[in-house]
Amino acid sequence: MSYFIIAVTIDEMNFFGRAVGIRLIDAPVLHPVAEGLFNFVIGWTFMFAPLLFADSKRDRYKGSLDVLWGFQMFLTNTFLIPYMAIRLNEADAQSAPRKPSQLTSVMTKGAPIVGLISGAICLISALWAISGRSDGNFGDLANRWDFLVSYLGSERLAYAFIWDICLYIIFQPWLIGDNLQNVQKSKVGLVNYLRFVPVLGLVVYLVYLNLDEEL
C-alpha cells in the first residue's frame with residue numbers, strides 16, 4: 001500500500017525465507033522523506049471519502065462518487081477540481097436523492113475510525129520523514145530538508161504530491177464549511193475553527209460527525 005509497508009513486508013518475508021533456506025528479493029531502501037511524503041498524502045486522501053460521501057451538495061454531481069474518490073485516491077486529487085465546480089450549480093429540484101452505495105455507507109458510518117486512523121498515519125508519516133531510519137545515512141533535519149528540496153525539483157511524483165497537498169489545503173476548509181450541519185451541534189464551533197488547519201481539521205470533523213442523522 002505504501003513504500004514503507006512494502007519494504008517492511010519484504011524484509012519480513014526475507015527473514016522467514018532465510019530461516020528455511022530460501023532467499024527472496026531485497027527490500028528497497030528508500031529515503032524516509034520520500035516515504036513520509038507518500039504516506040502523508042495517502043492518509044489525507046483516505047479521509048476525503050466520508051467527507052465527499054456526506055457532502056450536502058453531492059447530488060449535484062451526477063457521476064459516481066465512488067469512482068471519483070477512487071480516481072482521487074489512486075491517481076490524483078485533480079479530479080476534485082471539476083467536482084468542486086459542479087457542486088456550485090443550482091440544485092435540481094426534480095432530482096431524487098440517490099441511494100447510497102455500500103462504500104458510501106461504510107465510510108460515513110465509520111467516519112470517526114477513518115479520521116483517527118488516517119490522522120495517525122499522517123502524524124507517523126511526518127515523524128518518519130523527520131527522524132525515520134536515524135541509524136542510516138540520511139543525515140539530520142537539515143540534510144533531510146535539502147533532500148526534500150532536491151526531491152521536489154527532480155521527481156515528477158514528488159511535486160505531484162505537493163500539488164495534491166495544495167489542493168487539499170484549499171478544499172478541506174471549503175467542504176467542511178459547507179457541511180457544518182453534519183457535525184454534532186455542541187462541536188460546530190470547534191470544527192469551524194479548526195477546519196483551516198490541514199489534516200487536523202478534517203480529523204476533528206470526522207470524529208464529531210453526527211451519525212444519528214441521515215447524511
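Throughout, numbering of the chain's residues begins at 1 and tracks the sequence.
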Side chain to side chain contact (heavy atoms under 4.5 Å, CB included) evaluation trace for Leu194 with Val197
CA-CA 5 Å; Leu194 292 178; Val197 181; 4.3 Å; yes

To the nearest 0.5 Å, how far apart are CG in Leu88 and CG in Asp178?
8.5 Å

Following the transitive rule for hydrophobic clusters with a side-chain heavy-atom cut-off under 4.5 Å over Ile, Leu, Val, Met, Phe, Trp and Tyr, establish whether Ile81 and Leu68 coincide in one cluster.
yes

Closest non-hydrogen contact found for Arg60 with Arg87 is NH1-O, 3.2 Å

Donor-acceptor pair, distance only, cut-off 3.5 Å: does the side chain of Asn39 make one with the backbone of Glu35?
yes

Taking C-beta and beyond as the side chain, do Phe40 and Phe161 meet within less than 4.5 Å on heavy atoms?
no

Within the 3.5 Å criterion, strictly below it, is a donor on Asp55 or Tyr83 matched to an acceptor on the partner's side chain?
yes

Mark yes when over 12 heavy atoms from residues, nucleotides or ligands other than Leu127 sit less than 6.0 Å from its CG; otherwise mark no.
yes

Determine whether Ser150 and Asp146 satisfy the following criterion, side chain to side chain contact (heavy atoms under 4.5 Å, CB included), listing intermediate values before the conclusion.
CA-CA 6 Å; Ser150 174; Asp146 291 339; over 6 Å; no

Looking only at non-hydrogen atoms, find the nearest pair between Ala129 and Gly36 and report the distance.
CB-CA, 4.2 Å

Is there a side-chain contact between Thr45 and Asp164, using heavy atoms and a 4.5 Å cut-off?
no

Show the nearest heavy-atom pair for residues Gln172 and Arg195, with the distance to one decimal.
NE2-O, 3.0 Å

Value for CD1 (Ile176) from CG (Asn192), rounded to nearest 0.5 Å, stands at 9.5 Å

Taking Ser56's backbone N and O only, do any of them form a donor-acceptor pair with Asn179's side chain (distance below 3.5 Å, no angle check)?
yes

Are Ile124 and Leu202 connected, step by step, through hydrophobic side chains (Ile, Leu, Val, Met, Phe, Trp, Tyr) whose heavy atoms are closer than 4.5 Å?
no

How long is the straight-line distance from NZ of Lys109 back to CG of Leu209, given to the nearest 0.5 Å?
13.0 Å

Heavy-atom distance under 4.5 Å between the side chains of Met47 and Val199, does that happen here?
yes

Between the main-chain N or O of Thr78 and the side-chain N or O of Trp163, is there a donor-acceptor pair closer than 3.5 Å?
no

Ile169, Leu51: one ILVMFWY side-chain cluster at the under-4.5 Å cut-off?
yes

Is there a path from Met107 to Met73 through hydrophobic residues (I, L, V, M, F, W, Y) whose side chains come within less than 4.5 Å of each other?
yes

So among Leu148, Asn143, Leu141, which one has a side chain to side chain contact (heavy atoms under 4.5 Å, CB included) with Trp145?
Leu148

Okay, side chain of Asn182, backbone of Ala54: is any donor-acceptor separation there less than 3.5 Å?
yes

For Thr108 versus Ser105, what's the shortest heavy-atom pair and its separation?
OG1-O, 3.2 Å

Using the rule given for side chain to side chain contact (heavy atoms under 4.5 Å, CB included), can you reason through Leu175 versus Met84, listing the C-alpha separation, both sets of side-chain angles and the distance that settles it, and then say yes or no?
CA-CA 9 Å; Leu175 285 169; Met84 297 301 291; 3.8 Å; yes

Which pair of non-hydrogen atoms, one from Gly115 and one from Leu206, has the smallest distance, and what is that distance?
CA-CD1, 3.7 Å

When rounded to the nearest 0.5 angstrom, what is the spacing between CZ in Phe53 and CH2 in Trp69?
6.5 Å

Mind checking the NZ-CG spacing from Lys62 to Asn89? Nearest 0.5 Å is all I need.
9.5 Å

Minimum heavy-atom separation for Leu52 to Leu65, with atom names?
O-CD1, 3.9 Å

Do Leu180 and Tyr208 belong together in a cluster built from hydrophobic side chains that touch within less than 4.5 Å?
yes

Chi angles and distances behind the side chain to side chain contact (heavy atoms under 4.5 Å, CB included) call for Val183, Asn210
CA-CA 5 Å; Val183 178; Asn210 188 356; over 6 Å; no

Pairs in or reaching into residues 167-199: which pass ring pair (Phe, Tyr, Trp, His ring centres under 6.0 Å), with residues at least two apart or in two chains?
Trp44-Tyr168, Phe48-Tyr168

